[in-house]
Amino acid sequence: MLARIFRPSKTAMQSGKQKTYDWVLEFEPSAARRPDPLMGWTQTSDTASSQVRLTFDTKEDAVRYAERHGIAFQLIDPKPAKKIIKAYADNFAFGRKIPWTH
């Protein structure tokens with residue numbers, strides 16, 4: 001069973017980065033999800049991939065845990081965040097690409 005080790009990205013619901021500092025070990029699903037005929041929810045018979053999610057303080061701790069327990073893993077390094085530096089005065093700049101009008 002293959003596992004993924006990654007840092008979760010920032011949620012779209014909040015602007016903060018509270019849950020993005022820990023490293024997560026998740027298992028890849030071994031079977032595809034299928035809809036439940038009665039309720040229409042998705043179901044799977046694989047509980048390890050859908051319910052097991054381990055968090056670690058550092059990447060090295062997660063890798064060490066996977067190697068110690070013989071878990072094949074894929075390490076996904078996070079992409080650096082793009083910082084867009086803007087000032088409020090840029091909305092009214094003379095050389096603006098799109099003219100500012102009402």
Fill in: Under the side-chain hydrogen bond (donor to acceptor under 3.5 Å, both in side chains) test, residues paired with S30 that sit two or more places apart
D46
Item to complete: Check the hydrophobic clustering (I, L, V, M, F, W, Y; side-chain heavy atoms under 4.5 Å; chains of links allowed) and say if I76 and V63 are grouped together.
Response: no
Worksheet item: Mind checking whether Q43 and R33 have side chains closer than 4.5 Å, heavy atoms only?
Response: no
Practice prompt. Write down the atom of L25, the atom of A66, and the distance for their closest heavy-atom approach.
Written response: CD1-CB, 4.1 Å
Worksheet entry | Atom pair OG1 (T55) and CZ (R7), whose distance is rounded to the nearest 0.5 Å | 13.0 Å
Worksheet item: Do any pairs count as a salt bridge (Lys or Arg N to Asp or Glu O under 4.0 Å) and have a residue in residues 51-76, sequence neighbours left out, and if so which ones?
Response: E26-R53, K59-D77, D61-R64
Worksheet, complete the sentence: side chain to side chain contact (heavy atoms under 4.5 Å, CB included) filter on T20, not counting sequence neighbours, yields K10, K17
Fill in: I5 side chain reached by V24 side chain, heavy atoms, under 4.5 Å
no
Worksheet item: Taking the side chain as C-beta and beyond, is there a heavy-atom pair between R4 and E28 under 4.5 Å?
Response: yes
Worksheet item: How would you list all residue pairs meeting ring-ring contact (aromatic ring centres under 6.0 Å, His included) that involve residues 4-48, not counting sequence neighbours?
Response: none
Item to complete: List in chain and number order the residues that pass ring pair (Phe, Tyr, Trp, His ring centres under 6.0 Å) with Y65, two or more places apart in sequence or in another chain; answer none if no residue qualifies.
Response: F56, H69
Worksheet item: For L2, what are the other residues in its hydrophobic cluster, where any two members join if their side-chain heavy atoms are less than 4.5 angstrom apart?
Response: none
Discussion item. Once rounded to the nearest 0.5 Å, what's the spacing between atom CG of D22 and atom CG of L54?
Written reply: 12.0 Å
